[in-house]
Amino acid sequence: VAGLAAGHGPYSLVHLAQEIELHHPPRPGAPLDASAALDAVRVEAKGTRLVLTTTLTDRATGAEQARLTAHILLAGIRAAEPHGTLVPTASVRQEAPGDTVSRDLAIDREWIADYGHAAGDLNPVHLDPEAARAAGFADVIAHGMSLVALAVEEAAERYADGDVDRVRAIGARFARPVLPGEATTLDLTPSAAGDTVAFTVRSGGAAAVKGGWLRLGPGMGAGR
């Protein structure tokens, strides 16, 4: 990202979507190697869209542990060389969905800042109101993955006996920013089989995280 942005002046990095596939739960203390690949670059009206894939591999066994694919917009940069093919984010179709449940979320500046420091994502649009306004937002905005984390936590509590290790894959698109103090709601809809959960985060009367889904693996004792 730094290389693509070099020499193009100021820009803002906006997280558009994320998919994570967990193949094997990492062993405690096991060293992991990380590699990143730039899958696609496309220039759009608002800037340059990137698709980045990061792979985590167990250093001792060489087994792939997880694959993370992120869609990112470099707002303000429109001079990058197009590359690769943009593949749409995945979606989960539920033939016979269960009942939708909702939970109100309390998002304030302190919570946003705490998540940023815990996750190591110190993008100033999440922490500094002045930087957020310079990037075109009314205030600091919540990290998209912090909202996904809340969905994962709630889904694990409701549908996986509180065992977050059963969450084997997730995906979501970030449609609009969530500002501190906005009325924000999480909707969860399990599949009839109980192996997938669709989710949406609504804020300010519109979908902020949409197309959200997570896949659950079997519980302990049920095999992997």
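In this text the structure is predicted, and so the values were computed from the model without any measurement. Only heavy atoms go into these numbers, but all of them, side chains included; no hydrogens, no water, no symmetry mates.
- Residues passing the side-chain hydrogen bond (donor to acceptor under 3.5 Å, both in side chains) test with Asp195 are Ser191, sequence neighbours excluded.
- Under the rule for a side chain to side chain contact (heavy atoms under 4.5 Å, CB included), the partners of Ala40 that lie at least two apart in sequence or sit in another chain are Val51, Leu86.
- Listed by first then second residue, pairs satisfying ring pair (Phe, Tyr, Trp, His ring centres under 6.0 Å) with a partner in residues 106-125 read Tyr115-His143, not counting sequence neighbours.
- Partners of Arg59 under the salt bridge (charged side-chain N to carboxylate O under 4.0 Å, His left out) rule, at least two apart in sequence or in another chain, are Asp33.
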Residues 201-214, side-chain donor-acceptor partners within the protein, below 3.5 Å, at least two apart:
{"residue": "Arg202", "atom": "NE", "partner": "Asp187", "partner atom": "OD2", "Å": "3.1"}
{"residue": "Ser203", "atom": "OG", "partner": "Glu182", "partner atom": "OE1", "Å": "2.8"}
{"residue": "Ser203", "atom": "OG", "partner": "Thr184", "partner atom": "OG1", "Å": "3.0"}
{"residue": "Trp213", "atom": "NE1", "partner": "Ala90", "partner atom": "O", "Å": "3.4"}

List the atom pairs, with distances to 0.1 Å, where a side-chain N or O of residues 73-83 and a protein N or O form a donor-acceptor pair under 3.5 Å, not counting sequence neighbours.
{"residue": "Arg78", "atom": "NH1", "partner": "Ala45", "partner atom": "O", "Å": "3.3"}
{"residue": "His83", "atom": "NE2", "partner": "Leu38", "partner atom": "O", "Å": "3.3"}

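- For Ala142 against Ile107, the heavy-atom pair with the smallest separation is CB-CG2, 4.1 Å.
- Asp139 is listed as a side-chain neighbour of Pro180, based on a closest heavy-atom distance under 4.5 Å.
- Not a single side-chain hydrogen bond (donor to acceptor under 3.5 Å, both in side chains) links Thr54 to another residue, sequence neighbours left out.
- When all heavy atoms of Arg168 and His23 are compared, the closest pair comes out as NH2-O, 3.1 Å.
- Here the closest heavy-atom approach between residue Asn123 and residue Leu13 is recorded as ND2-O, 3.4 Å.
- Annotation: ring pair (Phe, Tyr, Trp, His ring centres under 6.0 Å) contacts of Tyr159 (sequence neighbours excluded): none.
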Could you go step by step and tell me if Val152 and Ile20 meet the side-chain contact (heavy atoms from CB on, under 4.5 Å) rule? CA-CA 12 Å; Val152 169; Ile20 302 174; over 6 Å; no
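- Contact annotation: the side chain of Val167 never approaches that of Leu22 to less than 4.5 Å [non-hydrogen atoms, C-beta and beyond].
- Every residue two or more places apart in sequence or in another chain that forms a side-chain hydrogen bond (donor to acceptor under 3.5 Å, both in side chains) with Glu21 is listed here: Arg215.
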Test side-chain contact (heavy atoms from CB on, under 4.5 Å) on Phe174 and Met145; report intermediate values, then the result. CA-CA 9 Å; Phe174 307 117; Met145 288 305 293; 3.9 Å; yes
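- Among residues two or more places apart in sequence or in another chain, the side-chain hydrogen bond (donor to acceptor under 3.5 Å, both in side chains) test is passed with Asp114 by none.
- Looking only at side-chain heavy atoms (C-beta outward), Arg158 and Leu188 come within less than 4.5 Å of each other.
- Rounding to the nearest 0.5 angstrom, the gap separating the OG1 atom in Thr57 from the CZ atom in Arg67 is 8.5 Å.
- If you take CZ on Arg49 and CG on Leu16, they are separated by 5.0 Å, rounding to the nearest 0.5 Å.
- How far CG of Asp39 is from OG1 of Thr69: 6.5 Å, rounded to the nearest 0.5 Å.
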Taking it one step at a time, do Gln18 and Val148 satisfy side-chain contact (heavy atoms from CB on, under 4.5 Å)? CA-CA 9 Å; Gln18 181 75 59; Val148 171; over 6 Å; no
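- No donor-acceptor pair closer than 3.5 Å links the side chain of Asp161 to the backbone N or O of Asp163.
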Run the side-chain contact (heavy atoms from CB on, under 4.5 Å) test on Glu153 and Val164 for me, step by step, so that the C-alpha distance in whole Å, both residues' side-chain angles and the decisive distance to 0.1 Å come before the verdict. CA-CA 7 Å; Glu153 181 180 46; Val164 294; 5.7 Å; no
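- Clustering ILVMFWY residues whenever any of their side-chain heavy atoms sit less than 4.5 angstrom apart, transitively, puts Leu50 in the very cluster that holds Tyr11.
- At a threshold of 4.5 Å between side-chain heavy atoms, the hydrophobic network of Ile, Leu, Val, Met, Phe, Trp and Tyr places Phe137 and Ile112 in two separate groups.
- Judged as a side chain to side chain contact (heavy atoms under 4.5 Å, CB included), and not counting sequence neighbours, the contacts of Ala131 are Pro124, Asp128.
- The two residues Pro129 and Val140 make their nearest non-hydrogen contact at N-CG1, 3.5 Å.
- Under a hydrophobic-cluster definition in which Ile, Leu, Val, Met, Phe, Trp and Tyr are linked whenever side-chain heavy atoms come within less than 4.5 Å, directly or via other members, Leu147 and Leu186 are assigned to the same cluster.
- The NE2 atom of His15 sits 9.0 Å away from atom CG of Asp121, with the distance rounded to the nearest 0.5 Å.
- In this structure a side-chain-to-backbone donor-acceptor pair under 3.5 Å is present from His126 to Ile141.
- Under a hydrophobic-cluster definition in which Ile, Leu, Val, Met, Phe, Trp and Tyr are linked whenever side-chain heavy atoms come within less than 4.5 Å, directly or via other members, Val101 and Ile170 are assigned to the same cluster.
- Pairs passing the ring pair (Phe, Tyr, Trp, His ring centres under 6.0 Å) check and including a residue from residues 190-209, sequence neighbours excluded, do not occur.
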